[in-house]
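The first residue of the sequence shown is numbered 1, and numbering continues consecutively from there. We count ligands from 1, going down the list as the structure has it; atoms in each ligand are counted the same way.
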Amino acid sequence: MARIGIIIGSTRPGRRGPAVGRWVHQVAVTDRPAVTFEILDLADFGLPLLDEPCPAAMGQYRYPHTHAWANAVARCDGFVFVTPEYNHSTSAAMKNAIDYLFAEWHDKAAGFVSYGVTGGWRATEALRLILAEVRVAGVRTAVGLSLFTDFSASGLTPAPHQRATLQTMLDELLTWSSALSRVRQS
Ligand SMILES: Cc1cc2nc3c(=O)[nH]c(=O)nc-3n(C[C@H](O)[C@H](O)[C@H](O)COP(=O)(O)O)c2cc1C
């Protein structure tokens with residue numbers, strides 16, 4: 001059974017990230033009983049700014065917070081990166097969490113759900129570059145939620161087409177996650 005981690009990449013008080021992550025999870029679990037979707041909220045992992053003495057490529061982790069994060073990522077076959085746009089990129093928390101690990105990311109697939117004033121697209125494009133270095137393959141279709149049209153005073157209210165785009169992204173992600181699981185076994 002495939003396992004997909006939905007990574008919530010913001011940690012600040014009052015953040016929109018959890019609402020977006022819950023929406024992704026709710027859409028994802030519908031009609032996909034053979035897949036496990038797990039929310040990985042970076043706020044729950046409490047990662048400090050990278051404090052491991054050895055580079056992640058050496059796989060020698062000293063601290064319990066690194067082991068907990070490594071175990072969570074290692075058990076996943078693919079990921080949905082739920083990312084805010086902060087100053088034309090992803091969040092520092094997301095980049096830091098990626099930097100913590102190396103082999104745990106390898107030969108896995110990713111989809112992206114960004115949000116920001118106009119969709120947060122620059123966060124996704126930045127993530128694609130970063131993730132290529134740790135051998136994570138990003139699928140083409142991505143969701144971009146706009147603060148103007150997909151959120152309201154009551155919270156996240158995605159325009160109707162966003163759900164269809166998310167479904168397409170998830171289908172691509174599961175196809176690539178399945179294909180890459182065979183690469184990891186070879
Ligand atoms: C430090 C910071 C920088 C931001 N920079 C951008 C930006 O460059 N482009 C954009 O569209 N929105 C930007 N925003 C707006 C955020 O995308 C928006 O507030 C979003 O809700 C942040 O995610 P969060 O609520 O999960 O923290 C920025 C917000 C913060 C806090």
Q.
Can you confirm whether more than 12 heavy atoms, excluding those of R140, are under 6.0 Å from its CZ atom?
A. no

Q.
For atom 22 (C) of ligand 1, what's the nearest protein heavy-atom neighbour? Residue, atom name and distance, please.
A. Y86 CE2, 3.5 Å

Q.
Show me which atoms of ligand 1 lie under 4.0 Å from any heavy atom of R12.
A. 24 (P), 25 (O), 27 (O)

Q) With a cut-off of 4.0 Å, which atoms of ligand 1 are near a heavy atom of V117? A) 10 (C), 11 (O), 12 (N)

Q | Option of least heavy-atom distance to atom 24 (P) of ligand 1 (set: H88, R122, R16) | A | R16

Q: May I ask you to identify, for E85, whether its side chain, its backbone, both or neither come under 4.0 Å of ligand 1 on a heavy-atom basis?
A: both

Q.
Out of all atoms in ligand 1, which are within 4.0 Å of some heavy atom of G116? Include the element for each.
A. 11 (O), 17 (O)

Q. Has R16 got its NZ or CZ under 6.0 Å from the middle of the six-membered ring of F151, at an angle within 45 degrees of the ring axis?
A. yes

(Q) Can you confirm whether F112 sits close enough to V80 that some side-chain heavy atom of one is under 4.5 Å from a side-chain heavy atom of the other? (A) no

Q: Would you indicate which of I8, N87, V82 comes nearest to atom 3 (C) of ligand 1 when only heavy atoms are counted?
A: N87

**Q.** Side-chain touch H65/F45, heavy atoms, less than 4.5 angstrom
**A.** no

**Q.** Full working for side-chain contact (heavy atoms from CB on, under 4.5 Å) between T157 and D150
**A.** CA-CA 5 Å; T157 50; D150 297 303; 5.9 Å; no

**Q.** Numbered atoms and elements of ligand 1 in range of G17, under 4.0 angstrom, heavy atoms
**A.** 26 (O)

Q: Enter the distance from T30:OG1 to H25:NE2 here, rounded to the nearest 0.5 Å.
A: 9.5 Å

